[in-house]
Amino acid sequence: MTVPTLARYLRCAQITIYKLLKKKQIPAFRIGSGPSSDWRFLRSAIDDWIATQYDTNPPVTKGRKPKLG
């Protein structure tokens with residue numbers, strides 16, 4: 001996957017992907033060298049990364065609390 005494809009897959013902005021890359025917080029590898037190199041992502045590695053993120057930081061749900069009783 002490329003950065004634009006991953007951004008669509010994760011439903012986030014491309015800048016978010018670049019920020020994660022800069023912090024080395026997302027699994028990725030580079031194709032090429034120098035300023036014209038491109039980042040690539042394996043879908044399986046991203047899916048594993050998502051599962052790890054979900055386990056360590058479960059999403060907070062917003063909305064109404066269920067009525068008890």
Side-chain angles (χ1 to χ4, degrees):
M1 271 191 256
T2 62
V3 170
T5 306
L6 181 61
R8 283 192 303 274
Y9 183 67
L10 297 179
R11 296 182 184 163
C12 68
Q14 289 183 34
I15 191 70
T16 302
I17 304 299
Y18 286 114
K19 286 178 182 179
L20 290 168
L21 286 167
K22 186 174 183 178
K23 295 177 185 178
K24 298 181 181 180
Q25 293 181 337
I26 193 166
F29 60 96
R30 287 190 107 146
I31 300 290
S33 61
S36 63
S37 62
D38 291 321
W39 287 102
R40 294 290 191 268
F41 310 87
L42 295 175
R43 184 178 302 262
S44 59
I46 295 299
D47 289 341
D48 291 344
W49 175 76
I50 291 169
T52 302
Q53 297 299 308
Y54 185 83
D55 290 342
T56 57
N57 299 311
V60 177
T61 57
K62 293 183 180 181
R64 298 170 64 176
K65 293 181 182 178
K67 290 184 181 181
L68 300 175

Scan the side chains in residues 29-38 for donor-acceptor partners under 3.5 Å anywhere in the protein, sequence neighbours excluded, and list what turns up.
{"residue": "R30", "atom": "NE", "partner": "S37", "partner atom": "OG", "Å": "3.0"}
{"residue": "R30", "atom": "NH2", "partner": "S37", "partner atom": "OG", "Å": "3.0"}
{"residue": "S37", "atom": "OG", "partner": "G34", "partner atom": "O", "Å": "3.0"}

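By the side-chain hydrogen bond (donor to acceptor under 3.5 Å, both in side chains) test, T2 pairs with T5, sequence neighbours left out.
In terms of modelled atom types and a separation under 3.5 Å, the side chain of T16 and the main chain of C12 share no donor-acceptor contact.
When all heavy atoms of A13 and A7 are compared, the closest pair comes out as C-CB, 4.2 Å.
Residue Y18 shares its hydrophobic cluster (ILVMFWY side chains chained together at separations under 4.5 Å) with M1, V3, L6, Y9, L10, I17, L20, L21, I26, W39, F41, I46, W49, I50.
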